[in-house]
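Okay, structure first, notes after.
A, B, ... follow the sequence lines: proteins, then strands. Residue 1 opens every chain.
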Amino acid sequence: MELEKTYNPKKAEETHYRVWEERGYFAPEINENKDAEPFSIIIPPPNVTGNLHMGHALQHTLMDVLTRWKRMSGFKTLFLVGVDHAGISTQLMVTRQLKKDEHKTPQDIGREAFTEKVWEWKHKYGGEIQRQIRREGLSVDWSRERFTMDESLSRAVREVFVRLYEEGNIYRGNRIVNWCPRDKTVLSDLEVKEEKAKDGKLYYLKYPVKKSPPYEGGVAAVSADGVVETGETKFIVVATTRPETMLGDTAVAVNPEDERYNDLIGQTVELPLTDREIPIIADEYVESDFGTGAVKITPAHDANDYEVGLRHDLPQLNVMNKDATMTETAGKEFAGLDRFAARQLVVEKFEELGLLEKIDDYDVTLPHCERCKTVIEPLLSLQWFVKMDEMRDLALDMMRKERSPRFFPQVPHEKIYTTWLNSLKDWTISRQLWWGHQIPAWYDDAGNVFVARTAQEAFEKAGTSDLVQDADVLDTWFSSALWSFSTLGWTGESVPSAVADGLSGSFESLTATLQPPATAGGTDKSSDLETFHPTSVLVTGRDIIFLWVSRMVMTALKFVGEKPFDDVIIHGTVLDKNGQRMSKTKMNGIDPLDVFEKFGVDATRMALAGSATGVDFAWRDEKVESFRNFANKIWNATRFCLMNSEGASVDHSSVMFGKDASIADRWILSRLNRTALNVNKALAGYQFHEAVQLLYHFFWDDFCDWYIELVKDEITAEDASEKRTEARTRIITTLEIALRLLHPFMPFLTEELWQKLPGISSDLHHNSYRSADKTIMLTSFPPGDTSAIDEQAESEMRAVIELISKVRNIRAEMNIKPSDKISLLVSANEKLQKIFAENEAQILKLAKASEIKLAEKADSPKASARAVLTGGAELAIPLEGLIDFEKEMERLENQVTKLEEENSRLENQLKNQNFVERAPPEKVREIRERVAEIETQSATLKQNLDALR
RNA sequence: GCCGACUUAGCUCAGUGGUAGAGCACUCGCUUCACACGCGAUAGGUCACAAGUUCAAAUCUUGUAGUCGGCACCA
């Protein structure tokens, strides 16, 4: 069997996933060890409308690496997958399609028909993200796939809603909320993004003060104190960025300490463009040095004004409709006008009346709808809210007492998370949409509200079935907040035994909030909850720490009585090659699927995992390309081993040998185990890039560049022999172990190659997976064996590598043709001579030399190129006729210079009495040893130089 | 306004007290029988700037500049 010369990832990517999935390798049930420790990850559910982007590819890769690593390490592993119903996005998408296909609006067809359409849409097109997840190679358990609107998850949503309501933590109230006039729904603070307005203006409006003579036109003069006098008419000037809201003003406020306005407090102004008279009030909220120090108060259209209004018992005049057109209340001339048209008209009218004092350019940041970018309108509206105080305290206690969750990187996320929790406000949870979990509240004719888990329950509570359910749905993040436990079967009916039994000590504040189990015992589903909750680690982006991570912590603590996850990995953002955020509007996004096509999934995974955890990084195709090359390197190394595998098979006893084995074998085994130990360590600390670097360099540098080359002759020997078979077995076994180490990162390539190795079977599987058909993904992940670390072999191999490298250097610098064989004269102590002698064949081959002469002090002709080696050894290459004496002298001089520079730096250190006294003794010793080594080497080099002169 | 991160080779990035690292690009040499997606050999950095702590600072502290991010305010 011979492999193609170049690895083409297509075939592997098309075949193995299906097999893995079909054979159930992804499900935790594959683990036959009933005592296996669980490991679980839940995927941050992508939107059902979503397409894979680089952020997904990154976080998915990290999760899959961890899952595959843990699975291979014998854990009972669950990687739970699911999608989010994504209320607004999905509703918008289907609305658009409805308009396009049938020229209808959702209102035209009605709620029931519309939601049915959305379900249809979901069944038809909603599977894209799942296909893409399969393409990525994620070892997720599809048998447990969840959707936030599954019946069991919806039950959990209703249960949580009802419980919070019954406790008084969910309430319905009139508040100033963030209203998106385009999506026509309320949004939570987190779904609003502040953005700089392009041409912000601050308008100064003059309100005539009553009790002064009526204003009769004319240009007003501004006095320094902000009160304007024209003739006898007094004005108070207010500054605003939203003039149209003046139509809903119900007061003008000044700071009580502000002397300019002291005498006006208690008076009234005649509100222009209306027939209303509004009071001038004093409130601490007003800052005297901003604007004119006088503020128009519009309680129904501004959060601060709302508060002021409550304090002063002001009327709340709503002048704006849900689509941001003006209401009748705004006046006949304005009713029906869009808010921006109304703004213009108000300004014009003020100007006509001579009441517009001035317009300043003004940098304002305005709230925008995160999704549709429309300017948010603060609006007084009746909505459902969650009081967060109690749950916030649970989360804060958890952080304070147990430092949980552990964030990676801890800085700055732990602090950001804590700070945010500390200033948490009530959460607006109702949404004016049809797609989502309809709020489980029913109303009777009298407007009484009945909150219940089901309509039936509501009817019972109300004593009538003549009820209407609340039309709104819940914020999508409400169901996402329950994701850690709702996906594992929690519906509020069963509670894990740990909770039912009462909490063991450490977290007393929870006890009070726990509900007794509604029904005794658990369901089948709840065993997942017991086994896999809390989940092991959450991998997500920093943009949803508040939206999602914190809320999962709060709801899990409150409703399950335990944290939702131990660790939270916050990965970085993938930027474009110019360091800009990828966005649809900038058209600078890179489609992971294109990258998969071009370089393969495994190379992409390596490139993503190879970027430091938590750090933003600019996307570079070149990086993936280098891992594509790496994949090809692995392919070809395997190709080489397979071409020379006759008689051999994977046999782990072949790499259990003693000190009598060859240096190369002992060395590669030592390197392999060192790599395995370090990779495990790196993964345990979520240092993915560290693991990638270790694997890359082990495989390429150690295994390919040195080990294969060192044992090549033995392996490719023409005549079959026991020795050859043993060497072949050793290399193929080493390769097999290396492939396992690579598997979590490069699942397709490693499976493809592993399946081709001679002698593989499910006997190689981890003990927990012996019954499964052979696959690399169920072999045991090499833990690394400290006893296989062979310092002596590593140091001896360093000497061999140094010798070969020095020869190559001389060859390159002296322009010796590859075809020219040379002689090596090596002066060295007995120990080194022995090492070189044992590796003579390899040294000759790799240095392209015809002979090597070893001696305590070798005689070398003057016409030689020379180098010094560690341990007092010298290398001379006789180059009669070939040597360029000038060049050789220059070469030697350069080396002397380098050594002397280093020497003087070290000598200075040693001269410093403080260093010698205070630095750790071993540090001082190291430097003394190094100085001695340098002195030997440079003395030798100088002798050589003298000999040339 | 408050908080935070970052600034290291041409580029993208590791490294966080003890002699500056990788990949790519560059230069030179190789159709060496696994791989030119390759092999071999070089070159390239006063680790943003300034002060301080220390025997020793790219690494710790403070300040400055630039870049980016989060939060708040925004009449």
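Residue side chain A:T365 reaches the base of B:rC74 through a donor-acceptor N/O pair under 3.5 Å, judged by distance alone. For A:R628 against B:rC37, a side-chain-to-base donor-acceptor contact under 3.5 Å is present. Below the 3.5 angstrom threshold, one finds a donor paired with an acceptor across the side chain of A:E709 and the base of B:rA34.
Side-chain N/O atoms of A:N815 include none lying less than 4.0 angstrom from OP1 or OP2 on B:rC28.
Rounded to the nearest 0.5 angstrom, A:R808 CZ and A:L803 CG are separated by 10.5 Å.
Rounded to a whole Å, the CG atom of A:D713 is 14 Å from the P atom of B:rC33. Regarding A:I816, its CD1 atom lies at a distance of 18 Å from the P atom of B:rG40, rounded to whole Å. Between the CG atom of A:D543 and the P atom of B:rC68 there is a distance of 19 Å, given to the nearest Å. For the pair A:I544 CD1 and B:rC71 C1', the interatomic distance rounds to 18 Å; values are reported in whole Å. The OH atom of A:Y7 sits 16 Å away from the P atom of B:rG38 (whole-angstrom rounding). Separating the CZ atom of A:R811 from the C1' atom of B:rU32 is a distance of 11 Å, rounded to the nearest angstrom. At whole-Å resolution of the value, CG in A:N422 and P in B:rC2 are 19 Å apart.
With respect to the salt-bridge test (charged N to carboxylate O, under 4.0 angstrom), the residues A:R930 and A:E933 do not qualify.
Using a 4.0 Å heavy-atom criterion, one finds that A:E922 contacts no nucleic acid atom at all. Within the 4.0 angstrom heavy-atom criterion, no nucleotide atom of any strand lies near A:T573. As judged by a 4.0 angstrom heavy-atom cut-off over every strand, A:E690 is placed among residues making no nucleic acid contact. Contact annotation for A:K898: backbone-only contact, meaning every heavy-atom pair under 4.0 Å involves sugar-phosphate atoms and none involves a base. Counting any heavy atom pair closer than 4.0 Å across all strands shown, A:F617 reaches sugar-phosphate atoms only and no base atom. Using a 4.0 Å heavy-atom criterion, one finds that A:K848 contacts the bases of the nucleic acid, with or without backbone contacts as well.
Under the 3.5 Å distance criterion, the side-chain polar atoms of A:R811 are matched with a main-chain donor or acceptor of A:D820.
Checking A:E900 against A:T897 by side-chain atom types alone, no donor-acceptor pair falls below 3.5 Å. Judged by distance alone, the side chains of A:D621 and A:W619 do bring a donor and an acceptor atom under 3.5 Å apart. Residues A:R542 and A:T573 bring a donor and an acceptor atom of their side chains to less than 3.5 Å of each other.
Counting only heavy atoms from C-beta on, A:E194 has its side chain closest to B:rC73 among B:rU32, B:rC73, B:rU19. For A:F546, whose side chain is taken as the heavy atoms from C-beta onward, the closest listed nucleotide among B:rC74, B:rG40, B:rG70 is B:rG70. For A:H689, counting side-chain heavy atoms from C-beta on, the closest listed nucleotide (B:rC13, B:rC74, B:rA14) is B:rA14.
If you take atom P in B:rU46 and the same atom in B:rA58, they sit 13 Å apart, rounded to whole Å.
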Taking only nitrogen or oxygen atoms into account, show me every contact under 3.5 Å that the protein makes with nucleotides 21-27 of chain B, one pair per line with its distance.
residue: B:rG23; atom: O2'; partner: A:S626; partner atom: OG; Å: 3.3

Check the pair A:E377, A:R242 against side chain to side chain contact (heavy atoms under 4.5 Å, CB included), reporting the backbone distance first and the verdict last. CA-CA 10 Å; A:E377 198 59 43; A:R242 295 187 297 151; 2.8 Å; yes
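For the pair A:K633 and A:F703, the cation-pi criterion (under 6.0 Å, within 45° of the ring axis) is not fulfilled.
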